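Report on the following structure.
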2 protein chains.
Amino acid sequence: MRLSTKGRYAVMAMADLAGNEGGTRPVSLAEIAKRQEISLSYLEQLFAKLRKGGLVRSVRGPGGGYRLSRPASELRIADIILAVDEPIATTRCKTGSPLGCTGTTTRCVTHDLWEELGRQIQVFLSSVSLADVIEKRVLGRTRPCEAKSEAREAA
Amino acid sequence: MRLSTKGRYAVMAMADLAGNEGGTRPVSLAEIAKRQEISLSYLEQLFAKLRKGGLVRSVRGPGGGYRLSRPASELRIADIILAVDEPIATTRCKTGSPLGCTGTTTRCVTHDLWEELGRQIQVFLSSVSLADVIEKRVLGRTRPCEAKSEAREAA
DNA sequence: CCCCGTTCCCAGCGATTAACTCGGGTATAG
DNA sequence: CTATACCCGAGTTAATCGCTGGGAACGGGG
């Protein structure tokens with residue numbers, strides 16, 4: 001899972017859309033662009049991908065705009081980022097086959113590390129829905145069961 | 001915390017160093033460059049930062065090279081990445097003061113989200129030492145207490 | 001039915017940034 | 001003295017971000 005500003009913009013825009021959807025009429029990109037201070041053209045680019053990903057539905061013509069395809073509580077942040085940001089290879093192993101780097105030399109000792117990190121990020125972002133974000137129910141999700149005092153200093 | 005290829009290369013190189021340190025003589029960058037297939041010049045750039053960060057010690061002259069400044073079990077992955085990759089701002093809020101974006105509009109609803117994500121990554125990478133990586137003790141660190149079935153499909 | 005504005009839609013472009021290289025310099029062992 | 005290996009700064013290439021401009025569908029007024 002890749003983490004870039006593009007994904008962040010997409011989440012911002014989706015949060016704006018979820019927060020301003022009255023149910024009566026769609027929300028135009030122009031509104032979102034003004035509120036979130038993102039260029040309209042860039043938003044269009046992002047929403048094209050979000051539409052292909054099935055996260056939003058578009059309504060054309062005057063009074064048109066975008067709607068969420070599902071309730072905000074069922075849209076996960078991970079889905080949004082996955083829709084706009086192509087996944088990136090976190091290891092140097094050949095594309096597709098993670099088998100090409102096992103057991104030879106010290107080549108890919110870090111393979112498992114990055115894979116596990118990616119999994120951690122995925123789990124976290126999948127556990128947060130769009131509704132959670134606009135309700136500010138994000139903080140305090142650190143699981144207390146691993147709350148060892150890992151707070152030694154590096155200096 | 002920023003996640004780029006630079007940080008990954010640094011961790012690869014440090015893992016190589018930790019795995020090939022016999023204790024008798026330092027490890028030269030030329031060796032690491034050959035084993036890890038990273039260009040020598042780029043490695044020098046990385047190790048300059050690692051040295052400034054106090055993670056390695058250098059020995060000049062023939063037979064010289066680098067040593068870990070501490071046992072591999074006391075060097076955390078987070079420290080390595082922090083040493084080579086400048087931290088990046090994950091929100092649009094003005095630099096330094098995260099107070100500039102509270103309560104106005106929908107402006108920074110995502111602020112808490114990115115901050116919490118960064119904290120999650122930090123916690124994970126701080127929980128893994130260089131020794132863990134070369135001993136392959138990385139997988140299976142997902143805390144089982146949050147193992148709800150979050151596996152609904154997005155389609 | 002026809003015109004017209006709104007809004008989504010799509011392809012390509014410029015500028016910023018990261019990734020990486022190149023050329024030198026300095027300390028040290030033999 | 002010389003070869004090895006660290007040290008340092010500037011320069012080059014490639015990718016990505018974010019923007020510009022024109023085209024296509026749709027609703028409303030005449």
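Scope of the values below: all heavy atoms of this structure, side chains included, with no hydrogens, waters or symmetry mates. The chains referred to below are lettered A, B, ... by the order of the sequence lines, with proteins before strands, and numbering in each begins at 1. Bear in mind the structure is a predicted one, so any value in this text is a computation, not a measurement.
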**OP:** Could you tell me the separation between the NZ atom of A:Lys49 and the C1' atom of C:dA11, rounded to a whole number of Å?
**Re:** 14 Å
**OP:** List in chain and number order the residues that pass salt bridge (charged side-chain N to carboxylate O under 4.0 Å, His left out) with B:Lys49, two or more places apart in sequence or in another chain; answer none if no residue qualifies.
**Re:** B:Glu86
Original post:
How close or far is atom P of C:dA18 from atom CG of B:Leu3, stated in whole angstroms?
Top reply: 14 Å
**OP:** Keeping the roles fixed (side chain from A:Asp132, backbone from A:Ser129), state whether a donor-acceptor pair exists under 3.5 Å.
**Re:** yes
**OP:** Could you tell me the separation between the CD1 atom of A:Ile38 and the P atom of D:dC19, rounded to a whole number of Å?
**Re:** 9 Å
**OP:** Find the distance B:Arg57:CZ to C:dA27:C1' and express it as a whole number of Å.
**Re:** 17 Å
**OP:** Kindly write out the residues that satisfy salt bridge (charged side-chain N to carboxylate O under 4.0 Å, His left out) with B:Arg25, not counting sequence neighbours, or none if the list is empty.
**Re:** B:Glu31
Subject >> Side-chain N,O (A:Tyr9) to OP1/OP2 (D:dC17) below 4.0 Å >> reply: no
Original post:
Of all residues at least two apart in sequence or in a different chain, which pass the side-chain hydrogen bond (donor to acceptor under 3.5 Å, both in side chains) check with B:Ser69?
Top reply: none
Subject >> Nucleotide of D:dC19, C:dT21, C:dA19 approaching B:Ser39 most closely (side-chain heavy atoms) >> reply: C:dT21
Check nucleotides 12-15 of chain C for protein N or O atoms closer than 3.5 Å to its own N or O atoms and list the pairs.
none

Subject >> Under the salt bridge (charged side-chain N to carboxylate O under 4.0 Å, His left out) test, residues paired with A:Glu44 that sit two or more places apart >> reply: none
**OP:** Could you label the plane-to-plane angle of the B:Tyr9 and B:Tyr42 rings as parallel, tilted or perpendicular, counting under 30° as parallel and over 60° as perpendicular?
**Re:** perpendicular
Sort me out a list of protein N/O and nucleotides 4-10 of chain C N/O pairs below 3.5 Å, or just none if empty.
residue : atom : partner : partner atom : Å
C:dC8   : OP1  : A:Leu29 : N            : 3.2
C:dC9   : OP1  : A:Arg51 : NE           : 3.4
C:dC9   : OP1  : A:Ser58 : OG           : 3.0
C:dC9   : OP2  : A:Tyr66 : OH           : 2.5
C:dC9   : N4   : A:Glu44 : OE1          : 2.9
C:dC9   : N4   : A:Glu44 : OE2          : 3.3
C:dC10  : N4   : A:Glu44 : OE1          : 3.4

**OP:** Round to a whole Å and report the spacing from NZ of B:Lys6 to C1' of C:dC20.
**Re:** 10 Å
Subject >> Rounded distance in Å - CG (B:Leu46) to P (C:dA18) >> reply: 15 Å
**OP:** May I have the distance from A:Arg8 (atom CZ) to D:dC17 (atom C1'), rounded to whole angstrom?
**Re:** 12 Å
Subject >> Which residues share a side chain to side chain contact (heavy atoms under 4.5 Å, CB included) with B:Ala83, sequence neighbours left out >> reply: B:Leu50, B:Leu55
Original post:
D:dC6 P sits how many Å from B:Tyr42 OH, rounded?
Top reply: 18 Å
Subject >> A:Pro71: side chain to side chain contact (heavy atoms under 4.5 Å, CB included) partners, not counting sequence neighbours >> reply: A:Ser73, A:Glu74
Subject >> Residue-phosphate contact under 4.0 Å: B:Thr5 side-chain N/O, C:dA18 OP1/OP2 >> reply: no
Original post:
Taking only residues two or more places apart in sequence, or in another chain, which ones meet B:Ile134 in a side chain to side chain contact (heavy atoms under 4.5 Å, CB included)?
Top reply: B:Ala15, B:Ala18
